[in-house]
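The first residue in the sequence is number 1, and the count goes up from there. None of these values were measured; they are calculated from a predicted model. Every heavy atom of this structure was used, including side-chain atoms; hydrogens, water molecules and symmetry mates were not.
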Amino acid sequence: MKVVGIIPARYNSSRFPGKPLAMIKGKTMIRRVCEQAWKSRLDAVVVATDDVRIADEVQGFGGQYVLTDPNHRSGTDRCQEALEIIGNQYDAVANIQGDEPFIDPVQINQVVELIRRDDIQLASLAQRIGDKEELFSPNIVKVVMDKHGNALYFSRNPIPFIRNLDHDQWLENGVFYKHIGIYAYKAETLRQVAELQPTSLENAESLEQLRWLENGLRIRMGITQGENISIDTREDLEKVLQFAQNQTDKMK
């Protein structure tokens, strides 16, 4: 089975325009994401962008890109168009977030190994929560799973809800997981989900993956120990720059 990694990279982010071209220790964000993806066991890596400035940057560092419609609702839809442009040479797709410049190649390999299994349509990752602030933050998406590792539900609220205990006691008396936003799809499944219309649960939580669950698709979750740093705002970029500096200092 051949798996292509597709990195959606939109220029006009509402909170951080031009984000893929932001510089991090001498390299653009999109270059760092590509370089991390190249370290994985993907068969190819392609940037799906809507802007020639990003395309020129990718071409400049030797990456592969396709130009896609600027009006896509989501990264999933952009991945689907990119797959159609590339052709039918790949059996599965890994959707790699373009705003995680230090994504661990081990995590990419983890979802790739899951999607290679015949019985899995969709795959993603989760990590156990050990911090109260993360548990109750609406910006951290939580997930609950069945005994086989399939996602039952995603929410911005803490799930499961623990009755009769103060919030301070929840982490001691329950197991909670946050969703790590990397996906892998069988090629035919990606085509299917791109045709689905938004659903009531998706609209309520503003979480695209709920549309898939509402339509009866199964998402197999792998458990990861790695920590991801995503960049949504310029303030996030400052945190990442500090992280990069700390990593450099450790290697000295």
Side-chain angles (χ1 to χ4, degrees), residues 4-40 42 44-79 81-82 93-108 111 124-125 127 133-134 137-141 178-183 206-208 224 226-252:
V4 58
I6 298 179
I7 306 171
R10 187 166 63 96
Y11 188 89
N12 288 316
S13 169
S14 58
R15 290 191 286 178
F16 192 167
K19 180 168 62 172
L21 300 180
M23 298 300 295
I24 301 172
K25 301 288 287 183
K27 295 181 181 179
T28 57
M29 186 186 310
I30 191 63
R31 179 170 182 168
R32 287 194 174 275
V33 177
C34 284
E35 288 179 346
Q36 292 300 98
W38 288 338
K39 298 174 187 176
S40 73
L42 290 164
V45 176
V46 178
V47 174
T49 186
D50 61 350
D51 194 278
V52 293
R53 287 165 288 190
I54 297 173
D56 288 344
E57 165 64 11
V58 174
Q59 186 176 39
F61 62 72
Q64 183 180 355
Y65 73 89
V66 292
L67 284 169
T68 55
D69 191 326
N71 299 313
H72 284 304
R73 298 174 299 180
S74 68
T76 302
D77 293 340
R78 198 172 302 282
C79 283
E81 184 187 357
V93 172
N95 178 350
I96 301 166
Q97 301 300 311
D99 59 4
E100 294 184 357
F102 299 103
I103 186 170
D104 190 343
V106 172
Q107 292 181 331
I108 299 173
V111 293
S124 192
L125 298 180
Q127 182 186 44
E133 184 177 343
E134 282 195 337
S137 171
N139 297 319
I140 302 295
V141 178
K178 64 180 176 181
H179 181 216
I180 303 297
I182 181 173
Y183 296 103
S206 190
L207 295 175
E208 177 189 23
T224 179
E227 188 64 56
N228 283 6
I229 302 175
S230 60
I231 300 173
D232 292 319
T233 65
R234 294 188 184 278
E235 290 73 22
D236 292 336
L237 177 61
E238 292 303 316
K239 295 177 184 177
V240 167
L241 291 173
Q242 185 59 53
F243 172 82
Q245 184 61 50
N246 292 340
Q247 294 298 105
T248 301
D249 292 343
K250 287 178 182 178
M251 292 186 291
K252 289 181 179 179

side-chain contact (heavy atoms from CB on, under 4.5 Å) between Thr76 and Glu208: does it pass, once the steps are laid out?
-> CA-CA 9 Å; Thr76 302; Glu208 177 189 23; 3.0 Å; yes
Please assess Leu207 against Val141 for the test side-chain contact (heavy atoms from CB on, under 4.5 Å), listing each intermediate value before the final yes or no.
-> CA-CA 9 Å; Leu207 295 175; Val141 178; 3.6 Å; yes
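Between the side chain of Thr224 and the main chain of Leu125, no donor-acceptor pair closer than 3.5 Å is present. Although no hydrogens or angles enter the test, the distance criterion places a donor-acceptor pair under 3.5 Å between the side chain of Ser124 and the main chain of Ile182.
Residues that satisfy the side chain to side chain donor-acceptor pair (under 3.5 Å) test with Thr68, not counting sequence neighbours, are Arg78. Judged as a side chain to side chain donor-acceptor pair (under 3.5 Å), and not counting sequence neighbours, the contacts of Asp51 are Arg53. Residues satisfying the side chain to side chain donor-acceptor pair (under 3.5 Å) test with Arg31, not counting sequence neighbours, are Glu35. With sequence neighbours excluded, the residues satisfying side chain to side chain donor-acceptor pair (under 3.5 Å) with Asn71 are Asp69.
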Let me have the donor-acceptor pairs involving side chains of residues 94-103, under 3.5 Å, with sequence neighbours excluded, atom names and distances please.
{"unit_1": "Asn95", "atom_1": "ND2", "unit_2": "Tyr185", "atom_2": "OH", "d": "3.0"}
{"unit_1": "Gln97", "atom_1": "NE2", "unit_2": "Gly181", "atom_2": "O", "d": "2.8"}
{"unit_1": "Asp99", "atom_1": "OD2", "unit_2": "Lys19", "atom_2": "NZ", "d": "3.4"}
{"unit_1": "Glu100", "atom_1": "OE1", "unit_2": "Asn228", "atom_2": "ND2", "d": "3.0"}

Side-chain donor-acceptor distances from residues 54-61 under 3.5 Å, at least two apart:
{"unit_1": "Glu57", "atom_1": "OE2", "unit_2": "Thr28", "atom_2": "OG1", "d": "2.7"}

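Here the side chains of Arg10 and Pro70 are not in contact, with every heavy-atom distance at 4.5 Å or above. The side-chain heavy atoms of Ile7 and Val46, taken from C-beta on, include no pair separated by under 4.5 Å.
Between Trp38 and Gly62, the closest heavy-atom pair is CZ2-O, 4.3 Å. For the pair Pro8 and Cys79, the tightest heavy-atom approach, listed with the atom from each and the gap, is CG-SG, 3.7 Å.
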